[in-house]
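Quick notes on the structure that follows.
All values below were derived from every heavy atom in this structure, side-chain atoms included, with hydrogens, water molecules and symmetry-related copies excluded. Counting starts at 1 for both ligands and their atoms, following the listed order. Position 1 is the first residue of the sequence; numbering continues from there.
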Amino acid sequence: MTARRKSSNYQASMPFAREPFKTIYVVQRLVTTILMVPIWALYYSVMPRRFRPRPSWSLKQIIAVNFMRRIYKVAELAGVTWSTRDPEASCDNKTLKETRFEWVDPLPEDLRTGIVVDSQVPFKRVGTFVWPKQKPPEIPDTAPSGDPDASDVVLVDQADIEANASREPIIGIFLHGGGYCHMSAHEQCGPSRIPRRLMQHKAFTEIHAVEYRLLQHAPFPAAVQDAAAVYAHIVRRHQRKPPASTKSPKSASSQTSDDTDNTKEIDDNQHFLSIDYDASATKNRKEVNEIRVRVNHAARFKGCKIFLIGDSAGGNLVLALSRWIRDEGILPPPDGLLLLSPSCDPAHAFPESPSSYVPRPHASTDYLVDTPEPRALLQRTFLGHNPLETMHSPYVSPASMRVLRAFYGDAFAASVEDLTIERLDTAEIERLRTMASAPATPVAEHPPELGAPLERSPTSLARPIIASPRGMSLFTDFPRTCIVLGDAERLEREVMKLVGAMERDGVEVRTVWVEDGVHDVLQMAWWDERVRDRVCASIEEWLRDVCES
Ligand SMILES: *[C@@H]1O[C@H](CO)[C@@H](O)[C@H](O)[C@H]1NC(C)=O
Ligand SMILES: *[C@@H]1O[C@H](CO)[C@@H](O)[C@H](O)[C@H]1NC(C)=O
């Protein structure tokens, strides 16, 4: 209920959000937009190509972009949300053609640590639309009864696991875009074009599209909670039963005492990923090393490959989920991140001073609109009861200038400030790579950890919550990442900052540049299919590389 009240609050403060203005505005806008279509078609077919927003664009592409831009403006100014679903509603399998609907339990209690914990945001069960519709046959438990006399049990086991790795299911977790206020995970909703396409060539065994809570339903960290619940569910469902041989004292004695403890937990099986581990109480005492050992151990028994996939705001959520997995150090890390035009600087709507506001680039070639006030209102609703400076948390705006400066200093921040694909020559790319190998500068002022509940005291923007636990850099230990980005899209600059920062922290990033591409081309209804096929081929090539290494 409170969420509803809040949502009507943010809508009430938007220019055309009150009736009757809303209906008049929306209808007027729709009608004129439809009337514009033949005019655009005529204009651009008589004018030479160089008058097009991008000469390579077809008429269909121009019309799609212009049309969407006008419709998006309606959404921003009138507070209209579309294609959303109630996240608490079930979905009848009979109504679904390509997916099955499955509930996932709320995040298990033993995993409720770090930023997902918030007394005002309850943990909930999460709906998922799972591709394909037919459940694949149960994954056999990989528990060879193991020869207890084998002299090198651990090695044999390891080799076995590696030999089997190619047969491991490849699971995608898809977090849809829509600015945290539009769209849903339903198979008929626009962003589902992405999992549909990725399933076409059988690159994935399954893709779980997550019906996470949008800002109308609950504020941050609700969406992260929901994504985390699905991640934990998949890890545990595919978790390998440890081979009986691990119990042998020989293998146990050959390991560190910490690992012996883990071995004991493995005997109990089900929940060895977390048993006996009270993160909040022991985190400060735990050495980085012990966390590594635990995570590596969990990773060895992860019976599948997991890729986190997100477009636009979904990409933002993928980055937040990966950060939580890394910061807490309980669950094994995902194998890769696939970010499609990720939104990584929502703090952009909150300039340090009004005069320092720099509009996002490519206003004339993209359909995303960027009107600061409605954006800021949406972001405030997204934060809900959280202090405003949560906006500058790496969990929310990992590529904001403030975060980049705090982690890497002014020089680096300046070097990526105006990085764009167009300006990037080979030397520049070389420079980015060199920076990637340079040791990360320690964080200037880091409170010891972000794992602890966020500080709730009323603070000013002068003390943003910018830190990583255990002295890690912004993207230390992040998995391999593939980023798809158009050079005609409004998020170009912030995504390039993200690429620069990730590479600097040693993350292997593959950037797929879509020439003359707008925001999130894979989910657009009308875009050049050949371009999309090429993008998908690049993604699948990256997937193969990651799975084979
Ligand atoms: C839909 O089908 C799957 C199995 O294919 C099942 O696990 C799930 O519970 C079903 N969902 C509903 C809402 O009945
Ligand atoms: C490897 O795969 C085979 C056949 O699927 C299975 O019997 C065996 O237990 C697996 N071994 C490991 C260690 O996963």
Would you find a donor on one side and an acceptor on the other, under 3.5 Å apart, between the side chain of Arg100 and the backbone of Pro132?
yes
Check whether NZ of the Lys or CZ of the Arg Arg323 lies under 6.0 Å from the centre of the six-membered ring of Phe475 and within 45 degrees of that ring's axis.
yes
Is there a donor-acceptor contact under 3.5 Å linking the side chains of Glu489 and Ser341?
yes
Passing option when His176 is tested against Ser312, Pro191, Ser192 for side-chain contact (heavy atoms from CB on, under 4.5 Å):
Pro191
Kindly indicate, with the supporting measurements, whether the criterion salt bridge (Lys or Arg N to Asp or Glu O under 4.0 Å) is fulfilled by Asp110 and Arg236.
CA-CA 13 Å; Asp110 51 313; Arg236 287 187 168 166; 2.9 Å; yes
May I ask you to check whether Phe307 and Trp542 place their ring centres under 6.0 Å from each other?
yes
For ligand 1, output the ligand-protein N/O contacts shorter than 3.5 angstrom; if there are none, return none.
from	atom 1	to	atom 2	distance (Å)
ligand 1	2 (O)	Asn93	ND2	2.3
ligand 1	11 (N)	Asn93	ND2	2.9
ligand 1	11 (N)	Phe101	O	2.9

